[in-house]
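Written below as structure tokens is the structure these notes are about.
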Amino acid sequence: MAASKFKMFKSLYYKDLRETRAEVLIVAITAIVSILWVWAKTEGDSRMIIMVPAVALMGLAGLLPIITSFRLLGREWGHNTIYLMMSLPISGAMMLGSKLLVLLTEYLAGTLLVGIISSIAIFISFPDLVPELSRQADLILMIKILISLYAASIAAIVYLFSCSFLSQLCGKLFPRASGLITLVVFLLLLIAPGKLSPEWSWNLSYPATDIASQIGFIWIYTGITLVFALLLLAASIWIWERRIEL
Amino acid sequence: MKFDNSWPIYMQIIDEFKKSIIRTELKPGDKIPSQREYAQKVRVNPNTVQRAYREMENLGMVETLRGQGTFVVAGEDKRQEMAMEMANTIMQHFILQMRSLGYQDKAMLAMLTQHLELEEDEQVDRV
Amino acid sequence: MIEFKQVSKRFGSVVALDGVNIHFPKGSICGLFGPNGAGKSTIMKLITGINYPDQGEVKVRGASPKAQRQLVAYLPEVDHLYPWWNLAQAARFMSVFYPDWDEGRCKELLSFLRLDEGMILGKISKGQRAKAKLLMVLSRRAPYLLLDEPFSGIDLLTREEIAHALIKGYREGEQTLIISTHEIDEIESLVDQVVFIDQGRIQLQSDAEQLRMERNKSLVEIMKEVFRNGSQQV
């Protein structure tokens, strides 16, 4: 039974993964073209501005999966395939979980592609960057910071995906004003973390002066964000399983 | 085979088999199609065919042997009985219908004789 | 066995079902007849668990429909398969979710319905798509088959093909088949149970052969009679 549950999840995952191919391809091609273009137009130290398209592309790699998240779920209604999805003998957790993983895959693929392409460009332009950096700073620590920031970004994007699911499913409960409800709920969920978190939590990280404890706080925030993301996801699953009707 | 949808289909299936037996197209020991085959052939609900077959077994027309199929068991006595029964039904129907048109017995008989002679003549003409 | 007890359902201000009691006996082929908008699709969706009753209860083999989804093969009125799938992909997807999927039967019906594995759902004719949907349902050994308007908008020849495939694919005794349609002619000789529904109310529920015996009329004629008389019992 466990094996077949896994197969079901895999089928759902691959069915939706094809939806993200175009987006990942767009990110990859834009990254290569824009970085090559900057490369061709610059020389020497000015090549550092490769970082500009790199950062912009990171933003794109983060934005596209959010757009996909609306398409991925909305498309089931658009194509009437929601009739198939809802009649399958599976839980809402499996359904939304597979979609979440697809979106996460798109985010990871996009950001890693941009990261790798721009890193290669930087390291080729500045071959002695790594030795120099390791002389001046603690390379291990830098990697730790990068990893914690990346993890925080993943938690944030998962939160956004959960917001997207929950707001869309809330919208579906009101067929007449589906779009409006979705928009309102989505915006509310975006604002909520800022409004709800107590004042002191914002100052919590400042007393920590050393970088190690700063990293620790990043991880704590990552964890809290994930917990909230999972709460929203649980609410979405509940709506999917008990409230959605066709 | 085309069924009359205003009359129970399983009865029409039974009548069809009865006629085949009466005309001796089906003889004792002959195998008839399985229920599944028959349902597909005449495109009728398999449950209806099942009902017809069960009824035919009760009437002593056929017998199903496990794993071998369904066979005709109606012998000569049974055949004549069924022929009589069907003919009677048709006659009763005929008489009832004619009466409903206002024909008296004599007129009915005359008309029947006339029709039979007419048919005989046609056959002679053809030969 | 599927049972409806005093089921009511409304969509906004529209009453779809109004205190409906139905009993679909095991192993029967049941025709759910009524004009468009009578509540046929709602009955199907309630059995599939994608609608919930406002009042009353629906039981599939004694449990809630949602818990019994693996027992039900559902053919909705809409095209519910991904348009970019080919038939082989759709079949493979189904086989993962339903242990009762019968690959041999699928292959057999594929050639019987003159379909090809490589056909892409979004690029074939309406008739072929209707047959493809039927293939997904009949390839399962599911105890309950629900076909919602399988003939609507389909040409006569394809209708006959579908009706024929239904008899071929149906497992008597094991399967309960519910077909909703507003066109009885195609399946007049296919059903053994009939439910006539109009304006969300059951007008008549009976054994098809018994109805023919009692009234000496075809189901088509009986339907006309039932709906002419409206909601008063006939």
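Bear in mind that the values here come from a model prediction, so they are computed numbers and not experimental data. Just so you know, these numbers use all the heavy atoms, side chains as well, and skip hydrogens, waters and symmetry mates.
There is no side-chain donor-acceptor pair under 3.5 Å between A:Tyr83 and C:Thr48.
Both the backbone and the side chain of C:Asn51 come within less than 4.5 Å of a heavy atom in chain A. In this structure, chain C has a heavy atom under 4.5 Å from the backbone of A:Glu241, while its side chain stays farther away. Using a 4.5 Å cut-off between heavy atoms, C:Met136 does not touch chain A at all. Looking at A:Arg243, the atoms closer than 4.5 Å to chain C (heavy atoms on both sides) all sit in the backbone: N, CA, C or O. Only the backbone of A:Ile244 comes within contact range of chain C, with at least one heavy atom under 4.5 Å from a heavy atom of that chain. If you measure heavy-atom distances from C:Tyr82 to chain A, the contacts under 4.5 Å come from both the backbone and the side chain.
Between C:Glu77 and C:Lys45 no salt bridge is recorded (no basic side-chain N to carboxylate O distance below 4.0 Å). Under 4.0 Å is where a charged nitrogen must lie from a carboxylate oxygen, and between C:Arg105 and C:Asp100 no such pair does.
Geometrically, C:Lys9 engages C:Phe11 in a cation-pi contact, judged by NZ or CZ lying under 6.0 Å from the ring centre and within 45° of the ring axis.
The candidate with the highest count of non-hydrogen atom pairs below 4.5 Å against chain A, out of C:Tyr98, C:Tyr74, C:Trp84, is C:Trp84.
Ring pair C:Phe93/C:Trp85 is tilted by interplanar angle, where 30° to 60° counts as tilted.
The closest side-chain heavy-atom distance from A:Phe165 to A:Leu100 is below 4.5 Å.
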